[in-house]
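Before any comments, here is the structure.
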Amino acid sequence: MIKTLDLVPVLPELFVAVAGLALLMLGVFRKEDNTKPISVLVILVLAAAMVLVSSLGSERHVAFGGLFVADRFAGFAKALVLLASAFATAMSLQFLEKEKIGRFEYPVLVLFATLGMMMMISANDFMSLYLGLELQSLSLYVLAAFQRDSLKSTEAGLKYFVLGALASGMLLYGVSLLYGFAGTTSFEGLAKVFAAGHEHGVKPSLGIVAGLVFVLAGLSFKISAVPFHMWAPDVYEGAPTPVTAFFAVAPKIAALCLLIRVMTGPFGDLIEQWRQVVSFIAVASMFIGAFAAVAQTNIKRLMAYSSIGHVGFILVGVAAGSNLGIQGVLIYLAIYLFMNVGTFAVILSMRQKGRMVEGIADLAGLSKTNPVMAFVMAVLMFSMAGIPPLAGFWGKFYVFMAAIEAHLYTLAILGVLSSVVGTFYYLRIIKIMYFDEPAEALDRPVGQSLALVMAVSTLVVLAFTFLPAPLVTGAKAAASVLFPAAG
Amino acid sequence: MNDWPLLSLTTFLPLLGALFILTIRGEAEVVTRNARAVALLTSVATFIVSLFILVKFNGSSPDFQFKETATWFPGTTIAYSMGVDGVSMWFVILSTFLTPICILSSFAGVTKRVKEYMVAFLVLETMMVGMFCALDLVLFYIFFEAVLIPMFIIIGVWGGQRRVYAAFKFFLYTLAGSVLMLLAMMAIYFEAHTTDIPSLMAHSFPFALQQWLWLAFFASFAVKVPMWPVHTWLPDAHVEAPTAGSVILAGVLLKMGAYGFLRFSVPMLPDASVYFTPLIYTLSIVAVIYTSLVALVQDDMKKLIAYSSVAHMGYVTIGIFSMTVQGVEGAIFQMLSHGIVASALFLCVGVVYDRMHTREIARYGGLATRMPIYAAVFMLFTMASVGLPGTSGFVGEFLVLLGVFQVSSWVAFFAATGLVLGCTYMLLLYRRVMFGRLVREDLKAILDLDLREVAVFVPLILIVIWMGVYPSTVIEPIHATVAKMIDNYELARAAHEGLSVAAR
């Protein structure tokens, strides 16, 4: 029996699902091309969902017999995901039109992917986790191959699908092991089992550790952490650019929040077991992200390695496994969102004579041909490198602070050193824009929606240092939900 | 004017000017003219505001003055907290004093993208002043690092042939050192539960932790000073930077490292400072002697002065770690003096570079016949650089040697050899550029200083002589702070010795 009260916490998801279906109908039954109005409607739906999410309040609600949880952490993460999806949809408008691949399914797929992400974030059981993850992944596979006349795009979609399916398989296998050894898939149930073991000083059995590692591997694939990152550069390069922009932000945020919930929730007492794994993944991601990006000439590939590096930094906060660490991760994710959408807005406006260009060298001398855009890009690159006073610094600051608090000194030292290496390739972009002589100028004017995204993200990146309180307190409140003992 | 937030005003006024310049639109020529005017006006106004700090500063108090505090990051102790004491006050003035001079001096040298250039310089001024005023670890770090952004752009856009290499090297070297300092700052936060610099000065850290923290701070400051062997970014950066960029590098940026030693390493980590003093002495002596020898064989004027800077900063680090009142005061005096003198020397090089577009020493010779005023100016600063009594250079070096002699006569001996070597390369430079016969055709038409250039040099000349003749103007406000620092340091040492005796 479903109690009526049960549906309240699921309201945002229900709304998005119903709206998605309605928009799909609308698209099918209206004859003319209506990508644009549907995109606008999708943005409105996302905005309305944001209002619904924030209206849920700060209490913890559980629905569907414990499968679904809505708390402050979920609220914060969903707000980020909804924002990212809205940005991505807004940025895709011009691209779809100019490349003549506008189809109403595009915004609707984004909406369904977002729904999947919201489900993932609120998952309170491995079953609901898997459902959300698959809804998201299937929508994303289609989106990657959306430019179906392009060989690269279809290849990207196929590659993403095959490797994604493998990762899902690993995840499921891990879950089945856990179920076999612990007897439940519910997060709370698992937490209870492990807490009891922890109390009695019993080491978790090998099966549980194996299950944990498989789950971690599956999730690492979704966040493109090393050594499960191989798909990212190819998919980022091959997918249509607005899709890449979407990939780089929304699914990453969702999967990382999911990872945090799984690691701190059911596996909270197994931190000794997973910390070294996460630390290794973090270090490997930071270094591979930094070193591999140095040699890139395609800016979308570069962004793929950049995002691998960022995931590494974020995992430093996860490895700390503390209230401060999770707060840091949430701050990092929020800043990462703005830095990335801003950068992709610049990438999306890289056109010469109406044709998209993706070479880093195509930005040469941008500071002379389009000083405003060069300034935006320079600010974002310095921020990504983590140079104060820009926002990107604070993300790194918080995760490394958490690492120091947790006495993970080696991890912190390796992390900051890799960030110096990473700085090199961000500086290279600035060098190309500012120090080199202009190549062929990029087309002007930049589309309205792209200019708006650029302006918003640059403003956030510049202003965060002066006004950090709202985000910092929000992230703190969200993180503390996961650590009830610490208050 | 008593309740005005003077420090914040001084810090952020240039930023305001920079934002204003960004709004200038119109024809290229008009934009250039207006950008120059606004930048000069803003920087002069900032200098005037900073003079209020000087006038109102109470030299007899060792405490931080003009304090401002505002909450910043909720949930942590990180706050926006500003204040100056005797150590930092002069550096604020030095920064605000040099910036208008730089801006004025680049009117002729910088002709492309003037608007961006002026913006970069004003942003740089904000970061420099803010760094010297910051009383919060994290705030300090923000300003300390943020300096890199405008400087990277200045070297990279308006620099010479190998500007890209120099800009990258400058940025990455400094960043690599600084990130370790950041981790040390976090460790301090979790140990002392505060980021407030005055409270941290009173906190005593366990010795083992002190050593690690000291090394991390050292990694950052040694690169910034720069100390041998991590000085190699400096000659590149100096040579490739535009004249005004070199001036700020030599005048202010090099002081940031030594200032860091004075602000963090010595007062907060006294036991580790003692432990590592031999290391500092060794590296500084190597710097003094080795880089002086390297300077001898340079054939690029800017590179020669750059190496001389490394040598001069060697005195500063020796003076700081002598831990005597004379030594520390001498080090601060030497920093200020070097800030003025090295800046002036780079400006002198800039004068002939603007005319001949080369810095090769061999391309010049006999300039004294065509440029008598220039020769006189150059002579004065050469003398100040080698430490002739009556100029500012003498006081600083003398005090440092006096201070270190009380601690170790050997260190003083080796440091003093640098004076002789310093004389050699500077006089050699002067002879090769100024004296001899004027044989080169293209030099025969070279013009002496014009009015704008004279206006750039006059304030520098006055200050160099004033500081040399009447140094107590500078030392008096410093004295109380330094005396207290040395007292605290001795106390901390005594406590540590007492502990280790008790442990036995």
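The figures that follow rest on heavy atoms only: side chains count, while hydrogens, waters and symmetry mates do not.
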- request: Determine the interplanar angle of the A:Trp394 and B:Trp72 rings, folded into 0 to 90°, and report it as parallel if under 30°, tilted if 30 to 60°, perpendicular if over 60°.
  value: perpendicular
statement: Turns out that what part of B:Thr76 lies under 4.5 Å from chain A's heavy atoms comes down to side chain
- prompt: Where do A:Pro388 and B:Ile142 come nearest, in terms of heavy atoms and distance?
  reply: CB-CD1, 3.5 Å
message: Need one label for A:Phe393: side chain, backbone, both or neither, based on atoms under 4.5 Å from any heavy atom in chain B.
response: side chain
For the student: nearest non-hydrogen atoms of B:Glu145 and A:Ile387, plus distance: O-CG2, 4.3 Å
field: Closest non-hydrogen atom pair, A:Ser367 against B:Glu116
entry: O-OE2, 4.5 Å
- prompt: By a 4.5 Å heavy-atom criterion (distance strictly below it), what part of A:Tyr434 contacts chain B: side chain, backbone, both, or neither?
  reply: both
- request: Could you tell me which non-hydrogen atom of A:Leu427 sits nearest to which non-hydrogen atom of B:Leu172, and how far apart they are?
  value: CD1-CD2, 4.2 Å
message: At a 4.5 Å cut-off on heavy atoms, which part of B:Ala167 comes close to chain A: side chain, backbone, both, or neither?
response: side chain
task: Look at A:Phe400, A:Phe397, A:Phe466 and state which one has the largest set of heavy-atom pairs under 4.5 Å with chain B.
output: A:Phe397
- request: Give, as side chain, backbone, both or neither, the part of B:Phe152 having an atom under 4.5 angstrom from any heavy atom of chain A.
  value: both
Minimum heavy-atom distance between B:Pro74 and A:Val472, given as atom pair plus value: O-CG1, 3.7 Å
query: Side chain, backbone, both or neither: which part of B:Tyr141 has an atom under 4.5 Å from a heavy atom of chain A?
result: both
- prompt: Within a reach of under 6.0 Å around CZ of B:Phe20, are more than 12 heavy atoms found that belong to other residues, nucleotides or ligands?
  reply: no
message: Under a 4.5 Å cutoff for heavy-atom pairs, which residue among B:Ile149, B:Leu175, B:Ile153 has the most contacts with chain A?
response: B:Ile149
task: Tell me, for B:Ile78 versus chain A, whether the close heavy atoms (under 4.5 Å) come from the side chain, the backbone, both or neither.
output: side chain
task: Answer with side chain, backbone, both or neither: which region of A:Leu390 has an atom nearer than 4.5 Å to a non-hydrogen atom of chain B?
output: side chain
- request: Using non-hydrogen atoms and a 4.5 Å limit, figure out which bit of B:Leu22 sits close to chain A: side chain, backbone, both or neither.
  value: neither
Contact origin within B:Leu182 toward chain A - heavy atom pairs under 4.5 Å: side chain
